[in-house]
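What follows is a set of notes on a single structure, which appears directly below.
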2 protein chains.
Amino acid sequence: MMETEIFRALADPTRRAVYERLAAAEMNVSELRAGFAISQPAISQHLAALRAAGLVTERRQGRFTYYRANPAALAPVVDWVERYRNFWPKRVESLKQVLKDMEP
Amino acid sequence: MMETEIFRALADPTRRAVYERLAAAEMNVSELRAGFAISQPAISQHLAALRAAGLVTERRQGRFTYYRANPAALAPVVDWVERYRNFWPKRVESLKQVLKDMEP
DNA sequence: GCCATATATAAGCGATTGCTTATGTGACGG
DNA sequence: CCGTCACATAAGCAATCGCTTATATATGGC
């Protein structure tokens, strides 16, 4: 299940923090690591999880790998929440559409 | 972190399925169990996780405990996604407001 | 009171998580 | 080339997960 991988990736607070930093600005691994008190491999492993879920994309440039958030990959989360829209008005539709429009 | 507990609760596919069934209809544990191929304690443990995250509420009636989904508890998920609204138009605001209006 | 029913909790177990240290891989600068 | 830098991968480990079986806690019917 695709949603499982995304929810699982976001379930870790460090990983959400990584995503948040990458949403603010594209960054290479060393720059990213600066904000956290964990080892470089730990960061790489978190990035691998986010990458597998499609939540971040990488761009290799020489020795550096630049990562950025891919907010379009959050669509399944909104989709899932949206399935319970019968509980509330269907204004949620708009968000779903916006995310769909972002697809590359 | 509150979001962590919610994301973690939703990260398990069985738990999401439980939530989905409880979103469709209030149900006691035995009725709920009928739809799954796992033991009664396993269901109770999933319900405990969902309950701890505030995603479901219980109503005891005699020997039975009836559970129902509490969609308002999904608000932090929408909130979190919404934090990246700078990537997309701010129509997301409306969803946040709707969820806030649902609070008991 | 006594027994069955409905659910929760405890205990135990293999699988998975998130971290660490160690090592690999590839690109740059001398 | 050769050493260093940027990053990924491997291996190992304690903690946590999701499940099981066993047991506790209520409630209801007799």
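All values derive from a computational prediction rather than experimental measurement. Every chain is numbered from 1 and lettered A, B, ... according to where its sequence line falls, protein lines coming before strand lines.
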Interatomic spacing from CG in A/L32 to OG1 in A/T65 - rounded to 0.5 Å: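 If we round to the nearest 0.5 Å, A/L32:CG and A/T65:OG1 are 11.5 Å apart.
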
Supply the atom-to-atom distance B/E58 CD to B/L47 CG, rounded to the nearest 0.5 angstrom.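 Result: 9.0 Å between the selected atoms.
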
Which residues within residues 49-64 of chain B lie with some heavy atom under 4.0 Å of an atom in DNA chain D?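 Per residue number, the list reads B/G62, B/R63.
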
Exercise: identify the closest heavy-atom pair between A/L55 and A/Y19: O-CE1, 3.2 Å

Would the distance check show the side chain of A/N70 and the main-chain N or O of A/G54 forming a donor-acceptor pair, the cut-off being under 3.5 Å?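 Yes, because the side chain of A/N70 sits within donor-acceptor range (under 3.5 Å) of the backbone of A/G54.
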
Looking at residues 36-47 of chain A, who's got a heavy atom less than 4.0 Å off DNA chain C? A/I38, A/S39, A/P41, A/A42, A/Q45, A/H46

For a quick test of reading the model: is some side-chain N or O of B/Y67 closer than 4.0 Å to OP1 or OP2 of C/dA6?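 Result: no.
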
Hey, does the side chain of A/S30 come within less than 4.0 Å of D/dC5's phosphate (OP1/OP2), counting only N and O?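 False: A/S30 side-chain N/O out of range (4.0 Å or more) of D/dC5 OP1/OP2.
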
Counting any heavy atom closer than 4.0 Å, what does A/R15 reach on the DNA or RNA strands: base, sugar-phosphate only, or nothing?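 Sugar-phosphate: the residue A/R15, judged by heavy atoms under 4.0 Å, touches backbone atoms but no base.
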
Quick one: do the A/R16 and B/T4 side chains pair a donor with an acceptor below 3.5 Å? yes

Side-chain heavy-atom pair A/R59, A/Y67 within 4.5 angstrom cut-off: no

Find out whether A/Q61 and A/Y66 are in side-chain contact, i.e. whether some heavy atom of one side chain is under 4.5 Å from a heavy atom of the other.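 Of all side-chain heavy-atom pairs linking A/Y66 with A/Q61, at least one is under 4.5 Å.
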
Using the ring-ring contact (aromatic ring centres under 6.0 Å, His included) criterion, which residues pair with A/F7? Sequence neighbours excluded. A/W80

Rounded to whole Å, how long is the line connecting atom CG of B/L32 with atom P of C/dA6?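 Those two atoms, CG and P, are 14 Å apart.
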
Gap between atoms CG and C1', on B/D12 and D/dC17 respectively (whole Å):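 Atom CG in B/D12 sits about 9 Å away from atom C1' in D/dC17.
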
For B/E31 and for A/T14, locate the closest nucleotide of DNA chain C by heavy-atom distance; then report the residue assigned to the nucleotide nearer the 5' terminus.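 In this pair, the answer is B/E31.
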
